[in-house]
Amino acid sequence: MFVSKNLSVNENGHLTIGGIDTTQLAKKYGTPLYVMDEDLIRENCRSFKDSIDRYYGGEGLVCYASKAFCCKAMCRIMMEEGIGLDVVSEGELFTASSVGFPMDKVCFHGNNKTDEELSLAIRYGVGRIIVDNIYELERLGRLAGEAGKKVGIMYRIKPGIDAHTHDFIRTGQIDSKFGFALETGEAFEAVKKALEIENVELVGLHCHIGSQIFDIDPFVLAAEVMINFIAKIRDELGFEVKELNLGGGFGIKYTDDDTPVPYDKYMENVSVKVKELCKEKNVSLPFILIEPGRSIAAPAGITLYTVGGVKNIPNIRTYVSVDGGMCDNPRYALYKSKYDVVAANKASEPKSETVTIAGKCCESGDLIGEGMPIQKVEEGDIIAVLATGAYNYSMSSNYNRIPKPAVVMVKGGESRIAVMRENLEDIVRNDVD
Ligand code: LLP
């Protein structure tokens, strides 16, 4: 009935998440409110881990892409689940470190890491720094030398696969700000260079072909391209690349139009291809890493809002105004992303209306969505936007000086605050007058 399996309707006709009445959560913690279901987050982690165990003999590591949703509680959950972490800034790295996250399981990404970020990563002993370009390689070599350390690196490679088009295309993705291109020989030259530089050890290669992908084939093709490159490096440079990081990007169900592939199937097909090719090319099987972000966090989250009013513009549309908006969920404004919505206090009623849900920011484009089927709503109703666990809190802003909502975690029928609601003092905290 709902896009995420942790949602249901109770005997009062109220939407529940992880068995808890969402209208009670709204009452207790206020709105707007992000609610994350810890049990589902953990279940998602386990299904990725299990699929690597099952199909790749456990020779791999799942690294949660923390850009999807990062806070101390989330890092702690990942740590407890034995999952690694993909971080892309010193902020994410610091959050991980502040809960004592094992740094050997951290992958540090970014196309323009600062010296400060690289130094912090070296100091923390981050397991794998994903080097994006030659400037970074040289800076990292120097900084590691100064620190008297040797750092493990992976190279970010553009495998030349665009998975975002309806029919994915094989080449033509040289135009990306991320990584080294294969086709031009840039990646091969960079490998040679890494082998010459002291204080860095090239442990692996990385690629990431996009996000919210529903096809398995582009992932399999990416794995094929990467193994072929690993074989070329072995043949021509006599160097064995030990690890292969295949990135994230697994699609999730936002609305009934989305049909995600089971993770198992993805891992099965990729494993078969990797094993087959390695055998054929006589290359040792690499240790595999994957970096799911959205697929771990998004289905576990919802956002609750209170309706402030309903404006019906005859023959045009009905605006339902909520107490949040693009400041807590910029995805419609940015990508025209679609979501399912439910009137949480009327969840058993039929969805008889089609509305535009508008935020409270001073901007016409501040919408949560248009043409959204929903129950008949009025002032004071609670609206739940579903599958908002990824790239909502993490992409929120203080536009219009609106404080960020709290994040509440639910687990085993209990709720707790994971991130406190910002207050007005927080808004002026860094101002100097
Ligand atoms: N690894 C790398 C190197 C990435 O760049 C990303 C996402 C991931 C892993 C995780 O991808 P996922 O499994 O979450 O699809 N803000 C956009 C999504 C941007 C994704 C950026 N990179 C959105 O709201 O849809």
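These numbers were taken from a predicted model, which means no experiment stands behind them. Along the sequence shown, the residues carry numbers beginning at 1. Counting convention: from 1, in listed order, for ligands and their atoms alike.
Counting protein heavy atoms only, atom 17 (C) of ligand 1 is closest to Tyr335 OH, 3.2 Å. For atom 4 (C) of ligand 1, the nearest non-hydrogen atom of the protein is Lys67 NZ, 3.1 Å. Scanning all protein heavy atoms for the shortest distance to atom 15 (O) of ligand 1 gives Ser211 OG, 2.3 Å.
Under a 4.0 Å criterion applied to the non-hydrogen atoms of Glu291, ligand 1 contributes the atoms 1 (N), 2 (C), 3 (C), 8 (C), 9 (C), 10 (C), 13 (O). Atoms of ligand 1 lying under 4.0 Å from at least one heavy atom of Asp86, given by number and element, are 1 (N), 2 (C), 9 (C). Within ligand 1, the atoms closer than 4.0 Å to a non-hydrogen atom of Gly249 are 11 (O), 12 (P), 13 (O), 15 (O), numbered from 1 in the order shown. Within ligand 1, the atoms closer than 4.0 Å to a non-hydrogen atom of His206 are 3 (C), numbered from 1 in the order shown. Close approach of ligand 1 to Pro292 (heavy-atom distance below 4.0 Å) involves ligand atoms 13 (O). Residue Arg156 has at least one heavy-atom neighbour below 4.0 Å for each of these atoms of ligand 1: 3 (C).
With contacts defined as side-chain heavy-atom distances shorter than 4.5 Å, the pair Val274/Tyr56 qualifies.
Looking at Gly293 next to ligand 1, an N or O pair under 3.5 Å apart turns up. In terms of polar-atom proximity, defined here as any N/O pair under 3.5 Å, His109 makes no such contact with ligand 1. Taking only nitrogen or oxygen atoms, main chain and side chain alike, Tyr391 reaches within less than 3.5 Å of ligand 1.
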message: Test side-chain contact (heavy atoms from CB on, under 4.5 Å) on Gln212 and Asp258; report intermediate values, then the result.
response: CA-CA 10 Å; Gln212 186 63 356; Asp258 299 327; 4.1 Å; yes
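More than 12 non-hydrogen atoms from other residues, nucleotides or ligands lie less than 6.0 angstrom from NZ of Lys351. The number of heavy atoms from other shown groups lying within 6.0 Å of NZ (Lys149) is above 12.
Considering Ala390, Ala68, Ala65 only, the shortest heavy-atom separation from atom 10 (C) of ligand 1 involves Ala65. If you check each of Arg294, Met395, His208, Arg331 against atom 11 (O) of ligand 1, the one with the closest non-hydrogen atom is His208.
The CD1 atom of Ile130 lies 12.5 Å from the NE2 atom of His208; values are rounded to the nearest 0.5 Å.
Both tests do not hold together for Lys158 against Phe178: distance to the six-membered ring centre under 6.0 Å, angle to the ring axis within 45°. Figure legend: cation-pi geometry between Lys5 and Phe2 absent, as NZ or CZ is not positioned both under 6.0 Å from the six-membered ring centre and within 45° of its axis.
Under a 4.0 Å N-O distance rule, the pair Glu136/Lys113 qualifies as a salt bridge.
Taking Glu280 as the reference, nothing meets the salt bridge (charged side-chain N to carboxylate O under 4.0 Å, His left out) condition, with sequence neighbours excluded.
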